[in-house]
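All values reported here derive from a predicted model rather than from experimental measurement.
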Amino acid sequence: MQSSIPPSPLLLSLKLAIAVLVIACPCALGLATPTAILVGSGIGAERGLLIRGGDVLEKVHRLQTVVFDKTGTLTLGHPEVTDCISLLDSISKTDLLQIAASVESGTQHPLANAIQQFAQLQQIELRSADAFHTQPGLGVSAQVEGQSVVLGNLDWLSQQGIAVENVAQAQALETAGKTLIYVGIAGQLAG
């Protein structure tokens, strides 16, 4: 007959601890990193630091050179509009800014805020806009008083079927370190 001797408390505790580690550690490791990146990105965004994604953070340790821009993003802590140029004779700079600010009223992006603040400083009233659509990393679109308006980078405009013709002027601004936002109005490029 076999005697049933209970295991020692130390042995039982050790077995339970190993079981918990084997089961819990993969989950903890799988959740800890994304959670830390998400929390860190959120805190950075609240303080004006925009991080494109976790993959960018993972590559930061390989940086050897840091280049600072001259648009006010770093010096002021937020982007600021420096130029408003209309590429069409039929649309004035004021109209262009009014339309752009109206479209940007549907988003909270830092560039949208800069455009809205610039329009506010110029005492420009917004037009009625609806049907807002944001395409992350590309731009925004909306209906402004019945006209389709698209704001964003060149890729976004070409996806919307809007051709950019005055590339030389745009390249000169980019060379000067400026971030460009193009405005396409009902299939035409405005600025």
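Side-chain contact between Ile99 and Leu96 is absent, with no heavy-atom pair separated by less than 4.5 Å. For the pair Arg127/Asp95, a side-chain contact is recorded, criterion being any heavy-atom separation below 4.5 Å from C-beta on.
Atom CD of residue Gln135 and atom CG of residue Asp155 lie 11.5 Å apart, to the nearest 0.5 angstrom. A distance of 6.0 Å separates CG in Asn113 from CD in Gln117, rounded to the nearest 0.5 Å. Once rounded to the nearest 0.5 Å, the distance linking CD of Gln160 with OG of Ser148 reads 9.0 Å. We find the CG-CD1 distance between Leu38 and Ile43 to be 10.0 Å, quoted to the nearest 0.5 Å.
The backbone N or O of Glu104 lies less than 3.5 Å from no partner atom in the side chain of Thr107, so there is not a single donor-acceptor pair. In this structure, Gln98 contributes its side chain and Glu125 its backbone to a donor-acceptor pair below 3.5 Å.
For the residue pair Trp156 and Val150, the shortest heavy atom distance occurs at NE1-CG1, 2.9 Å. Taking all atoms of both residues into account, the shortest heavy-atom contact from Ser102 to Ser105 is O-OG, 2.6 Å. Between Ala131 and Gln143, the shortest heavy-atom distance links the atoms CB-CG, 3.9 Å. Of all heavy-atom pairs between Val81 and Ala114, the closest is CG2-O, 3.6 Å. Across all their heavy atoms, Val144 and Ala129 have their closest contact at CG2-CB, 4.0 Å.
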Worked check of side chain to side chain contact (heavy atoms under 4.5 Å, CB included) between Ile115 and Leu97: CA-CA 8 Å; Ile115 291 170; Leu97 182 58; 4.2 Å; yes
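Residues Leu126 and Leu151 do not share a hydrophobic cluster, defined by chaining ILVMFWY side chains whose heavy atoms lie under 4.5 Å apart. With hydrophobic clusters built from ILVMFWY side chains whose heavy atoms lie under 4.5 angstrom apart, Leu157 does not share a cluster with Phe132. Tracing side-chain contacts under 4.5 Å through hydrophobic residues (I, L, V, M, F, W, Y), one reaches Leu111 starting from Phe118; they form part of the same cluster.
Between Asp83 and Lys93, none of the side-chain N atoms (NZ, or NE/NH1/NH2) sits under 4.0 Å from a carboxylate O, so this pair counts as no salt bridge.
Counting heavy-atom neighbours within 6.0 Å of Glu145 CD, excluding the residue itself, gives a total above 12.
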